[in-house]
Structure formats: structure tokens, C-alpha cells
Amino acid sequence: MTTGLRHLAVLVLSLLAFHVPADAQKWALSSNVVDWAALATINLEASFAPARQWSVTASAKYNPFTYRTSSKQFQARQQTYSLGVRFWPWHCYSGWWVSAKAQYQEYCMGGIFSVRTEEGDRAGAGIAAGYSLMLHPHWNLDFGAGLWAGKKWYSVYSCPRCGMLLDQGKKGFVAPNDITIAVSDVF
């Protein structure tokens, strides 16, 4: 499923890049500072504005890191892919916005707040809202927050190192998502 979502994201970005004329202020690339602060999660979002009040987004997050101390191990490993749309009441890349998206995540998180570790896959849909502050004609500072919900297939282990299985299965979830303070390059 991960490979399929990667191919879909590459296909959408390729179609947008090669079949739509590139006009000024129609594209944006952004990176979320909050994700970088969350154990160095590498992230990038690409956006295209096909209309004055709408933009189409594709984003990816990746964190392969496991941190170890002499007595503790913790991680927030993930690869997350999403495709979505944003509505801008005034015009794209300026002012308030609301968004909806479909998202897939493969994750392994644990040892941060408790010794328990959970890993698995999540798929679902999310909504978010925020504000884009124009700093310069080509630079924005974006603020936002959202929620996502869906289904997860998971396994829970007693600790990050020992691997003793406590629980596994499938169930629905609702979680915060897209806590955003992002720097955007609009072109």
C-alpha cells in the first residue's frame, strides 16, 4: 500500500507539473517547523492553485530515526503521505484557509511518554484550518491545526526493546494532525 500511495503522489505531481501552464503565484513548497522539532521529521508539501480560491496539495513526512540513551530508547518513526484540497476565502496563499485530505501513515512510536510502543498502519481522512501570513510576495508563514480519523492496523509492545506483544488488531481512531507552523515559498 505504501508503494501505491507513493506512485499516486508522483503521478499527481507529474500531471500538475507537465500539463498545466506555470503562471506566477500558482505553486508553493512548504516545510513544517513543528515536524522538524518533533524528533527531526523530514517533511515537504507541494501545492498548486488551479483556481483563485482553491489549491491542491500533496505532502510527505519521513522519520527513520530511533534515539537511544544508556537506559532508554524512543522513536516517532513514520512515513506519511497525503493528498488534499484547500479552500481560501480571499485568494490562494493569503489569509484564512480550510482543508480536507486523504492520508496514509506507516508508523512506529514509543518510549516517549511511556515505555509502550505501538506500530502499524493508519489510513483515513482529515480536516484542518489555518492562516497564511504573507511575509513577502514569495514567502509565507502558515499556521494551522487539524484532526484526522480512520482505521488503523496495529501492534502494541510492552517496550521499545523487548518486543513482548501486548495487543494487536484493527480499530478506528481520531487523532490530532497537522499542528503547523510552516515556511512556504510561493512561486
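The minimum heavy-atom distance linking S158 with L166 is given by the pair CA-CD1, 3.5 Å. Of all heavy-atom pairs spanning C159 and T117, the tightest one is C-OG1, 3.7 Å. S184 approaches S30 most closely through the heavy-atom pair OG-CB, 3.0 Å. V33 and V183 make their closest contact through CG2-CG2, 4.3 Å (heavy atoms, listed as atom of the first residue, atom of the second, distance). Among all heavy-atom pairs drawn from W139 and D185, the shortest one is CZ3-CB, 3.9 Å. In this structure, V34 and T180 approach most closely via the heavy-atom pair CG2-C, 4.4 Å.
A salt bridge between K61 and D35 is present, with a side-chain N of the basic residue lying under 4.0 Å from a carboxylate O of the acidic one. Look at K101 and D178 and you find a salt bridge, because one of the NZ, NE, NH1 or NH2 atoms lies within 4.0 Å of a carboxylate O, short of that distance.
Hydrophobic clustering keeps L147 apart from W96 (ILVMFWY residues linked when any side-chain heavy atoms are closer than 4.5 Å, directly or through intermediates). Under the 4.5 Å side-chain heavy-atom criterion for grouping Ile, Leu, Val, Met, Phe, Trp and Tyr, L135 is connected to Y131 within one hydrophobic cluster. In terms of hydrophobic clustering, with Ile, Leu, Val, Met, Phe, Trp and Tyr side chains grouped at heavy-atom distances under 4.5 Å, F113 and L39 are assigned to a common cluster.
With values rounded to the nearest 0.5 angstrom, S155 atom OG is found 8.5 Å from D167 atom CG. Once rounded to the nearest 0.5 Å, the distance linking CZ of F48 with NZ of K26 reads 5.5 Å. To the nearest 0.5 Å, atom CD of residue E45 and atom OG1 of residue T57 are 4.5 Å apart.
Each of E119, E118, R122 was checked for a side chain to side chain contact (heavy atoms under 4.5 Å, CB included) with Y154, and the lone residue meeting it is E118.
In I181, the CD1 atom is not crowded: 12 or fewer heavy atoms of neighbouring residues, nucleotides or ligands sit closer than 6.0 Å. For I112, the CD1 atom is densely surrounded, since the number of other residues' heavy atoms within 6.0 Å is greater than 12.
Side-chain contact, S132 with S94: no donor N or O sits under 3.5 Å from an acceptor N or O. One side chain, S31 or W36, offers a donor N or O that lies under 3.5 Å from an acceptor on the other.
Proximity of the aromatic rings of W88 and Y93 is defined here by a centroid distance below 6.0 angstrom, and this criterion is met. Aromatic ring centres of Y67 and F74 lie closer together than 6.0 Å.
Both the sub-6.0 Å distance and the 45° axial angle are not jointly satisfied by R116 relative to the ring of Y157. Remark: K171 fails to qualify as a cation-pi partner of F173 under the 6.0 Å distance and 45° angle criteria applied to the six-membered ring.
Taking 4.5 Å as the limit, every side-chain heavy atom of V98 sits out of range of all side-chain heavy atoms of R86. Residues Q168 and W153 are not in side-chain contact: their nearest non-hydrogen atoms beyond the backbone lie 4.5 Å or more apart. Contact annotation: the side chain of Y62 never approaches that of Q78 to less than 4.5 Å [non-hydrogen atoms, C-beta and beyond]. A 4.5 Å side-chain heavy-atom check between Q103 and N177 finds at least one atom pair inside the cut-off. With a 4.5 Å cut-off on side-chain heavy atoms, D121 and Y104 count as touching.
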(Q) Assess the residue pair K152 and K170 against the criterion (side chain to side chain contact (heavy atoms under 4.5 Å, CB included)); give the C-alpha distance rounded to whole Å, side-chain angles, the decisive distance to 0.1 Å, and a yes or no. (A) CA-CA 6 Å; K152 70 178 180 177; K170 302 176 200 174; over 6 Å; no

Q: Evaluate the side chain to side chain donor-acceptor pair (under 3.5 Å) criterion for residues Q75 and Q73: first the C-alpha distance (whole Å), next the side-chain angles of each, then the deciding distance (0.1 Å), finally the verdict.
A: CA-CA 7 Å; Q75 68 263 346; Q73 174 179 315; 3.3 Å; yes

(Q) Quick one, N63 with T41, criterion side chain to side chain donor-acceptor pair (under 3.5 Å). Give me CA distance, side-chain angles, the key distance, then yes/no. (A) CA-CA 5 Å; N63 187 330; T41 301; 3.0 Å; yes

Q. Stepwise, does the side chain to side chain donor-acceptor pair (under 3.5 Å) test hold for S59 with S82?
A. CA-CA 5 Å; S59 67; S82 67; 2.5 Å; yes

Q | From CA spacing to verdict: side chain to side chain contact (heavy atoms under 4.5 Å, CB included), Q105, W148 | A | CA-CA 11 Å; Q105 180 182 61; W148 76 303; 3.9 Å; yes

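Judged by distance alone, the side chain of N43 and the main-chain N or O of N32 form a donor-acceptor pair under 3.5 Å. With hydrogens and angles disregarded, a donor-acceptor distance shorter than 3.5 Å links the side chain of R52 to the backbone of W90.
F87 pairs by the ring pair (Phe, Tyr, Trp, His ring centres under 6.0 Å) definition with W54, not counting sequence neighbours.
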